[in-house]
J.: 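My structure is below; once you've seen it, I'll send some questions.
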Protein chains: 2
Amino acid sequence: MGRPSRFVLTSGQIVNICFNRGFKTAMSHSDTADRILDAAEILFAERGFAETSLRTITSTAGVNLAAVNYHFGSKKELIQAVFERFLTPFTDCLETALTQRIADEGGAASADDLLESLYTVSLGGLKAQGRDPQRFMRLLGLAYSQSQGHLRRFIVARYGQTYRRFIDLLKQALPEIDPVTFYWRLYFMLGATIFTLSSFDAIEAILKEDFGAETTLQDTIDRFVPSASAMLRATG
Amino acid sequence: MGRPSRFVLTSGQIVNICFNRGFKTAMSHSDTADRILDAAEILFAERGFAETSLRTITSTAGVNLAAVNYHFGSKKELIQAVFERFLTPFTDCLETALTQRIADEGGAASADDLLESLYTVSLGGLKAQGRDPQRFMRLLGLAYSQSQGHLRRFIVARYGQTYRRFIDLLKQALPEIDPVTFYWRLYFMLGATIFTLSSFDAIEAILKEDFGAETTLQDTIDRFVPSASAMLRATG
DNA sequence: GTCTATAAACTGATAGAC
DNA sequence: GTCTATCAGTTTATAGAC
């Protein structure tokens, strides 16, 4: 599994370093714009974009309605700002983790290690940042399903490079899979992750109710990595 | 793999039988209500519920605005009617296919055969019906992500029994997987399917562009079944 | 920067003529 | 069953006072 030696940073340590830095600078002053972003992030994730009015956002944030237009210009730009605030530290952290992995493993990381980096950054990173991974995944799901075009273009232009890098590394780690099959399974994995973690609270509650099983963060990562890995590698 | 003998109906044949019956009766008269349902189905799948106004639906359908309230009562009831129209033949067909499978295989079907039934009914069935599988999946995704409660309750009450039956059969076919892991992976599979097929056209276009690969229906089923199967069975 | 007030457009739903 | 006309409520966005 390529467990790092004691001189090498683990994904978890990288997560703590990047997110703690990003977190402090982003949160150092809680002015009106941040209050709006906080409220918008929660409400968008719960209801979607069209179902969340600026009035609901501003009254939840305890600020004036006109403040949205003053600080962000329009609702579309507010949506982009919400995504920018959580995708920037996340993407930077993934970038760092990937660089560390390939340095660590001499140029080519294994598929399981790449997946472990991805899930540790997305789940562990957000929890370390005091944020809810489920909310993050719901927003990502919305970006795909409700995207009015502008958001999709914004995300691809701003963050596409890092995700292409991840995909290329994963492809190199699975040379036996033909490119078309790889592409299908990549979507498969993305959908499984976003969809499942979007319903994380509901699944967690059902598992506790029906099986008495507590769900920890590490449990979830340890469940996702082998499942995704087996799916990517499937023969037939 | 349990290929049926020549005296046994294949999933594909079952699909043709159920859907052709349902299709003719449902489409025999194209009055105002059906025109509204046709337009609403397409527009909801493209934009979501909140983003699609009744005015857009009625003008697309070429009918009067008041006709929606006359025929369906409210927008919520129109949404339910859209789902009812495509979920009823789909669910009936899955029910028939499952019954055939367990009769065919003497009480307990294999996981791969169950998955093959599910995908043949959902993909093949809708295409046989002259409908777009992608649209079907987008609507299912919306039911999960945008569900305003009423739709979720409607679907569970009306169709829950068949899906619980499928899940129980699949669980029986995978006795070596512990129940909690099974539950996680079921969500994983559901998300992968809905998400991937929601973007079917986009994926198809990219595959043709980048690899010159044409994508047929049977290709897609043959790609999904082993991937989902490997994921469900993963060890570790 | 923050506020009030209001514009301008859109929404779902309905009453009542035909 | 279908239409027009309209209601009552909501939405985003902005102008202008402070």
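A, B, ... follow the sequence lines: proteins, then strands. Residue 1 opens every chain. Small disclaimer: the values here were computed from a predicted structure and weren't measured.
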J.: Here's a test of your reading of the structure: between A/Thr56 and A/Asn69, which maps to the more 5' nucleotide of DNA chain D?
T.: A/Thr56

J.: Scan B/Thr58 against the nucleic acid and name what it touches under 4.0 Å (heavy atoms): base, sugar-phosphate only, or nothing.
T.: nothing

J.: Among the nucleotides D/dT2, C/dG12, D/dT4, which one has an atom lying closest to any side-chain atom of B/Tyr70?
T.: D/dT2

J.: Do A/Leu142 and A/Leu151 have side-chain heavy atoms sitting under 4.5 Å apart?
T.: no

J.: Just compare D/dT6, C/dG1, D/dT11 and give me whichever is closest to any side-chain atom of A/Ser53.
T.: D/dT11

J.: Could you please name the option among C/dT11, C/dT2, D/dA13 that lies closest to any side-chain atom of A/Lys75?
T.: D/dA13

J.: Please work out whether the ring planes of B/Phe136 and B/Phe86 are parallel, tilted or perpendicular, with thresholds of 30° and 60°.
T.: perpendicular

J.: Of the non-hydrogen atoms in A/Arg138 and A/Ala45, which two are nearest, and what is the gap between them?
T.: NE-O, 3.1 Å

J.: If you only use heavy atoms from C-beta on, which nucleotide in D/dT6, D/dC3, C/dT4 is closest to the side chain of B/Asn64?
T.: D/dC3

J.: A/Phe224 vs B/Trp184 aromatic rings, parallel, tilted or perpendicular, using cut-offs 30° and 60°?
T.: perpendicular

J.: Quick one: which of D/dT2, D/dT4, C/dT2 gets closest to the side chain of A/His71?
T.: C/dT2

J.: From CZ of B/Arg55 over to P of D/dC3, roughly how many Å is that when rounded to an integer?
T.: 15 Å

J.: How is B/Ala66 classified with respect to the nucleic acid when contacts are heavy atoms under 4.0 Å: base, sugar-phosphate, or nothing?
T.: base

